[in-house]
Amino acid sequence: MNEEILEQINSFVNAYNVFEKQWFTHLQNREIRKVNFKRVRVRELDMSKTSGLEMMKIINEYRNLLALFNPSTFSVALATDGIRRNRVKEKLSISQKVEKFILREKNNPKRFSYVIKCLNDIFGARIIIQQINDFNELAEAIQKAVPYVRVTNACKDTGYKAVHVYTRPAAGSLPWELQIWQESDEEKNILLHAKYKQEYIREISAIREVNSNVSA
């Protein structure tokens, strides 16, 4: 496997570790309680409840602190190492994703997720490499070489092709996502992502309507 990819992944993880320390210091200084999101189901973020509002405030606090650090520190550092298009997830996108997971679970209680899986990309970045011969092999090679991250072959039937790398957060923190694309898939992946966003916003609206009719 290309050593440059490993260096980029380690650069990403190092940036994450720096921020995570800052986040825990922030929690302590502001006397904000530490929530282990590995054990919190997404439905507990329901903002119609006081407890849900409180946890969403903590998540938005994480997002806001990250937004302050990203432009001044991580964007420059990561770009130097060849990591492109890094972004902090917008508050609206966070709320929409949480709502989507909550509505899904209300309609199918057996289909539930923990916050750590739902909000695994509050910070995301991307590596574009020339060619990936086998996505499974690449994912397995990265996982073996970098055991302190979680790696998945994220290819889908829609045609989206990527390997996703996730940092492993300590209790009280949230993960970041690093996508690895091959150059020939870049344009199609961007279009598919835009389509996916539109579809899940429509899905939220459809589930809302169903639930509204049931309640009427």
Same apolar cluster (I L V M F W Y, side chains within < 4.5 Å links), [X]/[Y]:
X	Y	result
Tyr148	Phe12	yes
Tyr16	Val18	no
Ile128	Ile132	no
Leu53	Leu27	yes

Nearest heavy-atom neighbours spanning [X] and [Y]:
X	Y	result
Asn107	Pro109	C-CD, 4.0 Å
Ile94	Arg63	CD1-CG, 3.8 Å
Leu78	Ala15	CD2-CB, 4.2 Å
Ala139	Thr152	CB-C, 4.3 Å
Ser95	Met47	OG-CE, 4.4 Å
Ile102	Leu45	CD1-C, 4.0 Å

Pairs meeting criterion ring-ring contact (aromatic ring centres under 6.0 Å, His included) with involvement of residues 123-144, two or more places apart: Phe123-Trp176
Inter- and intrachain pairs under ring-ring contact (aromatic ring centres under 6.0 Å, His included), touching residues 54-73, at least two apart: Phe19-Tyr62, Phe19-Phe69, Trp23-Tyr62
Residue pairs passing the side chain to side chain donor-acceptor pair (under 3.5 Å) test where at least one lies in residues 121-130, sequence neighbours excluded: Lys89-Asp121, Lys97-Asp121, Arg126-Gln179
Residue pairs, two or more places apart or on separate chains, that pass side chain to side chain donor-acceptor pair (under 3.5 Å) and touch residues 155-167: Tyr160-His164, Tyr160-Trp181, His164-Tyr166, His164-Glu177, Tyr166-Glu177
With Glu61 via salt bridge (Lys or Arg N to Asp or Glu O under 4.0 Å) - residues at least two apart: Arg30
Salt bridge (Lys or Arg N to Asp or Glu O under 4.0 Å) partners for Glu186, two or more places apart: Arg84
How many angstroms lie between [atom1] in [X] and [atom2] in [Y], if you round to the nearest 0.5 Å?
X	Y	atom1	atom2	answer
Asp46	Lys106	CG	NZ	4.5 Å
Ile32	His26	CD1	NE2	4.5 Å
Asn120	Leu174	CG	CG	9.5 Å
Glu3	Asn10	CD	CG	10.0 Å
Lys100	Cys118	NZ	SG	9.0 Å
Lys49	Met56	NZ	CE	14.5 Å

Residue list, side chain to side chain contact (heavy atoms under 4.5 Å, CB included) with [X], at least two apart or on another chain:
X	result
Lys188	Leu192
Leu68	none
Asn14	Asn17
Lys57	none

For the backbone of [Y] and the side chain of [X], can you confirm whether one donor and one acceptor N or O come within less than 3.5 Å of each other?
X	Y	answer
Glu20	Ala170	yes
Gln143	Val149	yes
Asn108	Arg104	no

Between Asn36 and Tyr114: side-chain donor-acceptor atoms closer than 3.5 Å: no
Arg168 CZ: over 12 foreign heavy atoms closer than 6.0 Å: yes
Indicate yes or no: at least one non-hydrogen side-chain atom of [X] is less than 4.5 angstrom from one of [Y].
X	Y	value
Val13	Leu178	no
Phe101	Lys117	no
Val151	Val146	no
Leu119	Phe37	no
Ser75	Asn86	yes
Ile142	Ile180	yes

Residues Lys91, Asn64; criterion side-chain contact (heavy atoms from CB on, under 4.5 Å); working and verdict: CA-CA 9 Å; Lys91 287 183 180 179; Asn64 291 342; 3.0 Å; yes
Residues that Glu44 engages under side chain to side chain donor-acceptor pair (under 3.5 Å), provided they are two or more places apart: none
Contacts of type side chain to side chain donor-acceptor pair (under 3.5 Å), residue Ser11, not counting sequence neighbours: Asp81
